[in-house]
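Residue numbers start from 1 in every chain, and the chains themselves are labelled A, B, ... in the order their sequence lines are given, proteins ahead of strands.
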Amino acid sequence: MTRLSQLLLPTEREPPADAEALSHKLMVRAGLVRQVGAGLWTWLPAGYRVHQKIVQIVREEIDAIGGQEMLMPVLQPAELWKRSGRYDIDELFKLKDRKGADMVLALSHEECVTTHMAQFVRSYRDLPRILYHFQVKERDEPRPRAGVLRTREFIMKDSYSFDRDLEGLDASYDLHVEAYARIFDRTGLEWYSVESDVGMMGGIGAHEYMAPCAAGENEVALAPGYAANVEVAAAEAQPVALPDPLASPETVHTPGATTIDEVARMLGVQPGALLKAYPVVADGRGLVLVLVRGDHRVNDIKLTNALGAAFRPAHDDEVRDRIGPPGYIGPVGANVHVLLDTAVTYGGYVVGANEPDHHLRGVEPGRDFAFERGDVRSVVVGDRVDGHEITIEPAIEVGNIFKLGTRYSEPLGAMYLDVDGAQRPIWMGSYGIGPARIAAAAVEQFADEKGISWPRALAPWDVEIVALGKAGSEELAAAEGLYRELRAIGLDVLLDDRDVGPGVKFADAELLGCPLRLTVGRRSLQDGRAEAQRRRGLDDVEGGVPLEGAAEAVAELWRSLP
RNA sequence: CGGGGAGUGGCGCAGUCUGGUAGCGCACCCGGCUGGGGGCCGGGCGGUCGCAGGUUCAAAUCCUGUCUCCCCGACCA
């Protein structure tokens with residue numbers, strides 16, 4: 001019998017002083033987690049029950065698409081990572097063993113699982129396969145934050161698919177899309193999937209699964225039928241009032257005006273009528289002058305994708321030599337390749353004149369300078385997709401799926417012999433889910449001023465029984481009887497049998513957030529009933545439940561909960 | 001890595017400027033009352049003031065160094 005009097009559930013009246021995010025405050029206050037160091041957390045018994053409920057949902061759904069659960073080590077020889085080219089990632093924890101050999105703590109398991117498949121797979125007959133595990137990931141994050149939301153150590157479900165070709169990979173990917181939809185639906189979270197950047201994993205396609213909430217670190221652009229991470233979102237820009245180009249660019253005196261706002265004010269035009277110049281040096285391409293509308297911002301990820309290469313901002317002396325004085329640079333007459341954002345339409349723009357304290361007015365892209373087109377700006381609220389204005393909201397990334405292609409199989413030698421006798425690399429996908437983030441997102445999405453309100457699929461216990469009498473009382477005996485009845489039909493029950501006042505018990509129950517609370521006290525006991533309250537909305541059940549045959553009534557109530 | 005803030009009993013804080021026997025609330029222990037929303041009365045336990053060094057008759061307080069944690073930004077498969 002899970003008695004609160006025996007349980008390690010250290011609830012706190014006040015949140016930790018340094019906590020900011022709601023889930024951080026509430027998960028600590030409710031006694032679910034405790035901090036050990038920056039980004040390092042212990043899951044206390046009640047918190048770990050939540051974690052394990054999530055794990056079990058994920059396990060059932062990945063099993064259902066043919067995933068095979070296994071377990072790979074966290075501590076790995078550095079050699080694997082040197083071969084895959086990921087050894088130099090800053091987030092990778094590196095260490096030496098007693099013999100001086102380089103080791104790493106895995107931040108994901110592509111290297112390990114791919115190495116195994118290189119050993120096992122001989123023929124196309126050995127494919128496809130889906131393998132997965134729940135295992136600790138170690139990442140030396142520059143800034144852990146918000147409690148359990150961004151940590152340096154966390155458990156992740158990562159699955160990996162192995163196929164003959166892109167068609168096979170697409171099929172495995174689609175299986176995960178279906179499994180993920182079932183998983184996130186079952187958790188009770190509000191969620192959606194978005195297009196995302198393939199990032200440093202390398203790859204040919206990716207989606208992220210997002211749970212919207214205030215503490216989220218990602219920004220998502222949303223419109224009817226559209227959802228994308230702002231990192232990669234594309235939308236039609238709001239039009240800006242533009243003068244026509246002049247017959248030829250006119251030089252104007254703009255002393256001291258080096259910012260968009262200063263120039264726009266001085267010349268009496270909208271910021272959007274300027275072209276913002278962002279000089280970068282791209283790997284293998286050299287200096288490139290990126291131009292976006294003055295009211296837009298360059299998006300580094302989209303720019304990297306448009307350039308097809310990593311880049312860094314150009315240094316002042318590189319700009320001075322090749323283009324003009326910093327603060328007054330522009331594309332006209334500059335000896336540099338120009339990348340023009342797609343949101344820049346026909347019109348007469350203001351650009352830097354490449355001489356101090358001067359700009360050019362009436363400049364027409366194409367006529368006055370040559371350019372390459374690229375979508376390199378960040379979308380902003382009010383942009384449109386299919387005619388609908390987008391909104392941008394914060395969200396937690398709770399899962400992601402990647403089409404890796406042969407990015408790991410080639411360097412790690414995971415090959416198979418195809419029907420035609422040719423040796424080919426295996427096509428891979430990788431698919432992650434963070435149970436801790438799902439828990440935190442659920443707290444964020446459903447908490448109220450009293451505390452947590454778990455979706456029933458994630459709650460540490462299905463039902464909390466608050467017994468109001470003290471030890472040896474009639475109330476407590478009745479509560480214990482109720483406990484046994486509910487257990488017998490398979491409900492997880494927590495019994496608050498502590499010798500404390502009713503206020504403390506109610507407050508703790510609301511903090512902990514089990515979806516259904518039953519109260520056994522003198523009042524209702526006289527009528528042979530227990531009071532019942534749904535946690536979501538603190539909604540009292542009319543008349544409560546009868547103690548006689550309680551199990552049926554409670555089970556029915558339970559099934560009706562969110 | 002840049003900027004800001006904080007380390008004083010289990011938690012939340014005051015005390016530091018202006019050096020002089022370390023305090024408050026909650027929690028905890030004992031006794032009693034109370035018993036449907038964090039209740040009341042009385043009595044208690046518990047802190048080398050993050051760490052190291054220095055100044056001083058005397059350091060939580062001043063100086064130097066260092067460690068840790070938080071927030072914003074950068075960063076973030």
The complete set of side-chain hydrogen bond (donor to acceptor under 3.5 Å, both in side chains) pairs with one or both residues in residues 21-30 of chain A, sequence neighbours excluded, reads A:Ser23-A:Glu444
Could you tell me which residues satisfy side-chain contact (heavy atoms from CB on, under 4.5 Å) with A:Val230, sequence neighbours excluded, listed by chain and number?
-> A:Glu219, A:Ala221, A:Ile392
Base-contact (B) and sugar-phosphate-only (S) positions in nucleotides 25-30 of chain B, heavy-atom cut-off under 4.0 Å, - elsewhere | -S----
Could you check whether A:Asp90 gets within reach of a base, just the sugar-phosphate, or nothing at all, counting any heavy atom under 4.0 Å?
-> nothing
Kindly confirm or rule out a cation-pi arrangement of A:Lys157 over A:Phe134, judged by NZ or CZ under 6.0 Å from the six-membered ring centre and within 45° of its axis?
-> no
Looking at residues at least two apart in the chain, or sitting in another chain, which of them share a side-chain hydrogen bond (donor to acceptor under 3.5 Å, both in side chains) with A:Glu111?
-> A:Ser84, A:Arg86
Quick one: list whatever passes ring-ring contact (aromatic ring centres under 6.0 Å, His included) with A:Trp191, sequence neighbours left out.
-> A:Phe184, A:Tyr209
Could you go through nucleotides 70-74 of chain B and list every protein N or O atom that sits under 3.5 Å from one of its N or O atoms, giving the distance for each pair?
residue, atom, partner, partner atom, Å
B:rC70, OP1, A:Gln35, NE2, 2.9
B:rC70, O3', A:Asp18, O, 3.4
B:rC70, O2', A:Asp18, O, 3.0
B:rC71, OP1, A:Ala146, N, 3.4
B:rC72, OP2, A:Arg143, NH1, 3.1
B:rC72, OP2, A:Arg143, NH2, 2.7

For A:His51, which residues count as a ring-ring contact (aromatic ring centres under 6.0 Å, His included) partner, sequence neighbours excluded?
-> A:Trp43, A:Tyr48
Could you tell me whether A:Arg517 contacts a base, only the sugar-phosphate backbone, or nothing, with contacts defined as non-hydrogen atoms closer than 4.0 Å?
-> base
For A:His176, enumerate each residue passing the ring-ring contact (aromatic ring centres under 6.0 Å, His included) test, keeping only those at least two apart in sequence or located in another chain.
-> A:Tyr431
Assign A:Arg29 to base, sugar-phosphate, or nothing according to its heavy-atom contacts below 4.0 angstrom with the strands shown.
-> base
For residues 30-44 of chain A, which residue pairs qualify under salt bridge (Lys or Arg N to Asp or Glu O under 4.0 Å), counting only residues two or more places apart or in two chains?
-> A:Glu12-A:Arg34
